[in-house]
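As structure tokens, the structure follows; a few thoughts come after it.
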Protein chains: 2
Amino acid sequence: MTKRESNVDRVYEALRQMAADFAFKPDQRINESALSDVLGARRTPLREALNRLVAEGFLTFQINRGFFCRPLTPSYILDLYEARVAVECEALRLACLRAPDSEIAALSDYLDRMEPDYQSATDPVELLALDESFHNRLVQLSGNSELLRMLQNLNGRIRYIRLIDLKRMRDQADGAAPGDVSAHKRVLEGLAARDVVAATDALRSHIEKRREEATEAVRIAFSQLYVPDD
Amino acid sequence: MTKRESNVDRVYEALRQMAADFAFKPDQRINESALSDVLGARRTPLREALNRLVAEGFLTFQINRGFFCRPLTPSYILDLYEARVAVECEALRLACLRAPDSEIAALSDYLDRMEPDYQSATDPVELLALDESFHNRLVQLSGNSELLRMLQNLNGRIRYIRLIDLKRMRDQADGAAPGDVSAHKRVLEGLAARDVVAATDALRSHIEKRREEATEAVRIAFSQLYVPDD
DNA sequence: GCGCTCATAACTGTATACAGTTTGGAATTC
DNA sequence: GAATTCCAAACTGTATACAGTTATGAGCGC
């Protein structure tokens, strides 16, 4: 029996998971030996995986000092969300031009089926998975695998910012319900009508609203970090 | 005296250069030992650099079979150009909204200064560098470093496709002159007037025109590959 | 000649070792 | 006490070795 998954792949996935679970704090230096113990892999394959994450923008690297978790500044968050707008709106435009009606209808059905789950979900991780899944499918309708790859890279980095946001929403239960699918529905209506402007405007404002919420959540989370220990 | 550049970085840059110089043919398997001899680096740092290139989409990887140059299919080329449209048009939109007049004027000046070089350049490599430089600066006006990173990644992969195209143009001297900056000027006029629609329409059609040319050039290059040896 | 088997060569995957660099703190000076 | 120097420990960078897998091709039966 031959192996199907490379060890580097396994380590790489584990590292992404750790990043999403706040295992690394922004700007934290990553100790390769300690990490290799945790992951059950030696430093050689670990470093190969870390280099992939550097190339993807998850981590930074300094010569002779090693790998660092990327700092989480407001302007970085803004950049990531703006890049998402670029990727998703162009994908939506392409989908309006060429996605078959049947696939658009399938995504509508999916959204309808998921709506109860969406509204009853209380676990932020679950909600986030549902939301990411919708956006992934939307971009898949463009048929462009580079746009999909870019979205997945951005979402990988945005994920833990959004988790901060969703946890805050659950705690405060203020304003917009987190399980609100109306924005997604508006996007799909525009898409079904092949109305590029209506669809992209809806999507753009949806993502920008999410960005404002996330930025605020991170601001609050940071301010709490600076509360002195008693 | 301390080292300023990591060996992995050096190897990584050398590999990108080799890719742009057609050192690897599409779908070609990459022999690590042979490559490490050429680059003067051992396999450990070489593999770290190769992993970065996999993460960036330059190469593919198969377990126990190693690294491969990415195949060059028409749909892959289409995906890359569409992704460029996504990145550049959104960057341009953001630049229309917030780039200072002074920086827009500086880019206009740059274009005017470069125009003679552009029109007299006959070396495809030189022309390409000039063109990429303009597009990079345009995206920089958005102030978004993620969009810039994405553009540089896409251009790194598109570069050798465009070289095929530019070499064909030089040989045939048909249709549009390669050193035509009028499209760039139209984009900047729209930007200076803060006219998002005019600017992005001009940019979109410019990139799509380039894509059609490049796709055709690759099609021709491929058809010549299949001419049987005599 | 064509397909199959198996031995071997070539190559990839990674553990280990060690060299070079940075870091943190003790010792020293003012 | 604060600043500085210097040394040891910790960590990163990579060469090397070898184990495990894949590719190649000779030999063989048909």
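For Asn64(B), whose side chain is taken as the heavy atoms from C-beta onward, the closest listed nucleotide among dT21(D), dT12(D), dT14(C) is dT21(D). Closest contact between the side chain of Arg42(A) and the listed nucleotides dA15(C), dT14(C), dG13(D) involves dA15(C).
For the pair Arg204(A) (side chain) and Val85(A) (backbone), a donor-acceptor distance under 3.5 Å is absent. With Asn144(B) contributing its side chain and Asp79(A) its backbone, the two residues share a donor-acceptor pair below 3.5 Å.
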Give me the distances for all protein-to-nucleotides 9-11 of chain C N/O pairs that come in under 3.5 Å?
unit_1	atom_1	unit_2	atom_2	d
dC11(C)	OP1	Asn31(B)	ND2	2.8

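Protein atom CD1 of Ile63(B) is 17 Å distant from nucleotide atom C1' of dA23(D), rounded to whole Å. Look at CZ on Arg47(B): it is 16 Å from C1' on dG13(D), rounded to the nearest Å. The distance between atom CG of Leu50(B) and atom C1' of dT14(C), rounded to the nearest whole Å, is 16 Å. When the P atom of dG13(D) is taken as reference, atom CZ of Arg10(B) falls 15 Å away, rounded to whole Å. Remark: C1' of dT12(D) and CG of Leu35(A) are 14 Å apart, rounded to the nearest angstrom. Atom-to-atom, CD of Glu48(A) to P of dT12(C) comes out at 12 Å; the value is rounded to the nearest Å. One atom, CG of Asp37(B), and another, P of dA15(D), lie 12 Å apart when rounded to the nearest Å. Atom CG of Leu46(B) is separated from atom C1' of dT12(C) by 12 Å (rounded to the nearest Å).
Relative orientation of the His206(A) and His184(A) rings is perpendicular, given thresholds of 30° and 60° on the angle between their planes.
Cation-pi contact between Arg137(B) and Tyr110(B): present, with separation from the ring centre below 6.0 Å and deviation from the ring axis of at most 45°.
Within 3.5 Å, a donor on the side chain of Arg43(B) pairs with an acceptor on the base of dG13(C), or the reverse.
Side chains of Tyr118(B) and Asp131(B): a donor-acceptor N/O pair is present below 3.5 angstrom, by distance only. With hydrogens and angles left out, the side-chain atoms of Asn153(A) and Arg149(A) include no donor and acceptor closer than 3.5 Å.
Phe67(A) comes within 4.0 angstrom of nothing in the nucleic acid, heavy atoms only.
Outside the 6.0 Å centre-distance limit, the rings of Phe68(B) and Phe61(B) are not counted as a close aromatic pair.
Mapping Gly66(B) and Thr44(B) onto DNA chain C by nearest heavy atom places Gly66(B) at the nucleotide closer to the 5' end.
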